[in-house]
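The model shown is predicted, which means the values in this text are computed figures rather than measured ones.
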Amino acid sequence: MKVRKSYFNIVIFISAIVSFIITLINYYNFSDGYNLMILFPIVFLLLYVAFISSIDIKKVKTPITISMFLWVQWIRYILMPPIMAIAGEFLGTSFLNPSVEAINLANILMIVDLAVNFILIGYIARISKRSELNHNAIVKGNKILYIIFIIFALLIYIAIGIKSKMIGFLIIPVYGGDRVGDITDSFIVILRQIVLIGVFLSFILGVNFFSKKYNKTKRIIYFNLSILLALLNVSIIVGERRTSQVYAAFCSIWILCYAYPQFKKKIFLYVGGLALFILVFMSIYKFSSAFIYGSYIEALKNSNFNYSWGSQILQSYFAGSQDIAVAIEFSRIYGLNIENLIYDFMRSTVPISFFVKGIGNITSQLFNLYIYGGKQSTGHIISTTAYSYMYFGIIFSWIFSTLNILISYFIESNLIASKSYEMMYVWAYILIRFTFSIMTNTPQLMTSTSIMLVTAGVLFKVSEICRLRRKYI
């Protein structure tokens, strides 16, 4: 363990130094306002050494929360600066032009945010010790009710899902020239959620059955059948949302590793490999507009991947200085208040959202309307830093990133303590949703989280109650 920790520390140290040197060499390429980014690698390294370097992450209670935090921040503070420095004046989205003062403030807020969160992560790591997983989880719900639900989900897919193309499989077809996009019809979205629950319920029941058979007979066929179910679960594509593959892969890997701890390497290889394969093709589809060319190969041939493109992608997906600076200027114009904040959380929490829908625009919609001149209300994500600044100002610009970390800590603690496969899947899904997007504003993360809790969570609890009643009657 000490050797692995040392290797990890060496990688962090070398990557930070290399990042600083490359950024320094290209320092004068930076557009005005972005110069402070040269400090990012050194600040990250100093904070890492001060709060994390002496900790064995595998021995803490919530290793996933801490690891995902470090991974995301490494991208933001180590990988992003040199790429943006090399990209020079083409380091961001061309139609976004925040002031130099706003960009400087954004960089300062990012440094403060990182420092506060490193202190929090270091504290969490030191006060919590990892508990051993109890590999005796069971399906607690009523299996008959689950099977009925799976059949119901299958009938929905056959009757409505195929025609409406609510889900895809393995690779998005590119013939026809039409882009898949996201389904906006609320009714179809609800039906799609039922179908998706049916898919992962089938996975859970299958793993539960096959793992018991394997433990009795030690026949590898039962492990292979469990892997096959996981691959089917990961192969389901929801629109252009690549994150769906990440979530499905994580949940499948977690449950399989729990059921078959002796096959962890194979599980990561098979399930992770398929997820990566699908993600590559989905990324080509989205970034290279494969639907226009009718071919993934032709789309790649006509792609223009360069440092400018990389810089724009990193800033958009990992909350770069430009996006935060634009959000700062937006907040100064709109003058948001606590009512907007409360409304954001209400609109993002199912089922409360059904009762307040249509009253007004949430902050992210207002933000995108501002960016796109009133033409569209989606597209850009508001980061935790920007969202905190909008509602709590400079002093508390870290509040929502720390909230996301604390929520992730709570979720991972529940995941580790879970003794049912059903809730294990729910907690795993919510955990990867929060940690993978840990720098995304909290209300936006609450939408998919509350949908999962209200749909799958309620179904599992009702099924569990039905089983208990049947047992004691």
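The aromatic rings of Y48 and F44 sit parallel to each other, their planes meeting at less than 30°, with 60° as the upper class boundary.
Q444 places no side-chain N or O within donor-acceptor distance of the main-chain N or O of I381, the cut-off being under 3.5 Å. Checked by atom type and distance alone, the side chain of Q365 pairs as donor or acceptor with a backbone atom of I362 at under 3.5 Å.
For the atom pair T384 OG1 and L403 CG, the distance stands at 10.0 Å (nearest 0.5 Å). For the atom pair S418 OG and M423 CE, the distance stands at 6.5 Å (nearest 0.5 Å). Rounded to the nearest 0.5 angstrom, F410 CZ and T62 OG1 are separated by 13.0 Å. Between the CE atom of M68 and the CZ atom of F434 there is a distance of 13.5 Å, given to the nearest 0.5 Å. Between Y391 atom OH and S397 atom OG the span is 15.5 Å, to the nearest 0.5 Å.
Side chain to side chain, Y260 and S226 meet the donor-acceptor criterion of an N or O pair below 3.5 Å. Under 3.5 Å, the side chains of T385 and W398 contain no donor-acceptor pair of N or O atoms. For the residue pair R433 and T440, no side-chain donor N or O sits within less than 3.5 Å of a side-chain acceptor on the partner.
Heavy atoms only, all atoms of each residue included: A125 and I66 are closest at CB-CD1, 3.7 Å. Minimum heavy-atom separation, N9 to S53: ND2-O, 3.0 Å. Shortest non-hydrogen contact noted between R76 and I324 is NH2-CD1, 4.0 Å. A pairwise comparison of heavy atoms in S408 and I438 identifies OG-CD1, 4.3 Å as the closest pair.
Among residues two or more places apart in sequence or in another chain, the side chain to side chain donor-acceptor pair (under 3.5 Å) test is passed with S383 by none.
Between Y334 and F330, the distance separating the two ring centers is shorter than 6.0 angstrom. A centroid separation of less than 6.0 Å is found between the aromatic rings of F118 and F69.
None of N441, T442, T363, N361 except one satisfies the side chain to side chain donor-acceptor pair (under 3.5 Å) rule with D344; the exception is T363. Here the options are F250, Y421, Y425, the test is ring-ring contact (aromatic ring centres under 6.0 Å, His included), and the partner is F200; only Y425 passes.
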